[in-house]
Amino acid sequence: MSEILLTDFEKKVLQELEKVPLGRVTTYQNLANKVGKPKAARAVGNALNKNPWAPRVPCHRVVKSDGGIGGYVFGVEKKIALLKKEGVAVRDERVINFEKIVF
DNA sequence: CTATTGACGACAT
DNA sequence: CATGTCGCCAATA
């Protein structure tokens, strides 16, 4: 049963997130900007939290604009582990490879 | 419609 | 650099 229980805003966010290639990370602010609402970074985070396709969409590649790890439905620790595995350097819940961020 | 909440951001201290 | 305060937006009760 596949029905859309998501709003346009959430759909846009998830669609943009799907475009993020492996080994790279994006920011909530950047996603918000892509959906046409550069000030809705907070709402973007909420959208990911409701994300029904957690593993399908790379929600673990989203970090805060200042390099913070942010959050993760399965636990921040899990998110960090995944990022490191994909080639993103992280240290104390903080992304180091800022160059790896997709703008 | 109003109030509350939340994976955020920028700025002040 | 860490913490606190305000602002901004969308979803939900």
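What you see below is based on every heavy atom in this structure, not just the backbone, and it leaves out hydrogens, waters and symmetry mates. All figures in this text were calculated on a predicted structure; none of them were measured in a lab. We name chains A, B, ... by the order of the sequence lines, and we start the count at 1 in each one.
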Item to complete: Grab the two heavy atoms, one from A/Leu17 and one from A/Pro58, that are nearest each other, plus how far apart they are.
Response: O-CG, 3.4 Å
Worksheet entry | Heavy-atom side-chain proximity of A/Leu48 to A/Tyr28 below 4.5 angstrom | yes
Discussion item. What contact category does A/Val73 fall into here, base, sugar-phosphate, or nothing, at under 4.0 angstrom with non-hydrogen atoms?
Written reply: base
Discussion item. By the 4.0 Å heavy-atom rule, please label A/Ala41 as base, sugar-phosphate, or nothing.
Written reply: sugar-phosphate
Worksheet item: Minimum heavy-atom separation for A/Phe98 to A/Asp66, with atom names?
Response: CE1-C, 4.0 Å
Response to the item:
With A/Glu86 as partner, the option from A/Lys79, A/Lys100, A/Arg61 fulfilling salt bridge (Lys or Arg N to Asp or Glu O under 4.0 Å) is A/Arg61
Worksheet entry | Partners passing ring pair (Phe, Tyr, Trp, His ring centres under 6.0 Å) against A/Phe74 (at least two apart in sequence or in another chain) | A/Tyr72
Worksheet item: Is there a residue in residues 17-38 of chain A whose heavy atoms reach under 4.0 Å of DNA chain C, and which residues are they?
Response: A/Lys37
Worksheet item: Does any donor-acceptor pair link the side chain of A/Arg42 with the base of C/dC9 at a separation under 3.5 Å?
Response: no
Fill in: Any residue of residues 54-64 of chain A with a heavy atom less than 4.0 Å from an atom of DNA chain B
A/Cys59, A/Lys64
Discussion item. Strictly below 4.0 Å: does A/Ser65 bring a side-chain N or O up to OP1 or OP2 of B/dC8?
Written reply: no
Item to complete: Heavy atoms only: give me the nearest A/Asn97-A/Ala89 pair and the separation to one decimal.
Response: OD1-CB, 2.8 Å
Worksheet item: Within this structure, what is the CG-to-P distance between A/Asn46 and C/dA10, rounded to whole angstrom?
Response: 11 Å
Could you go through nucleotides 11-13 of chain B and list every protein N or O atom that sits under 3.5 Å from one of its N or O atoms, giving the distance for each pair?
none

Worksheet item: Do the non-hydrogen side-chain atoms of A/Glu93 and A/Ile80 ever get within less than 4.5 Å of each other?
Response: yes
Item to complete: Scan residues 83-103 of chain A against DNA chain B and write down, sorted by residue number, each residue with any heavy atom closer than 4.0 Å; if none is found, say none.
Response: none
Response to the item:
Considering only heavy side-chain atoms of A/Tyr72, the closest of B/dA10, B/dA7, B/dG6 is B/dA7
Worksheet item: Among pairs that include at least one residue of residues 22-34 of chain A, which meet salt bridge (charged side-chain N to carboxylate O under 4.0 Å, His left out), considering only residues two or more places apart or in two chains?
Response: none
Worksheet item: Is there side-chain contact between A/Val35 and A/Leu31, with heavy atoms separated by less than 4.5 Å?
Response: no
Fill in: Sub-4.5 Å side-chain heavy-atom contact between A/Leu83 and A/Ile69
yes
Practice prompt. Check whether A/Val57 and A/Val76 end up in the same hydrophobic cluster, where Ile, Leu, Val, Met, Phe, Trp and Tyr are linked by side-chain heavy atoms less than 4.5 Å apart.
Written response: no
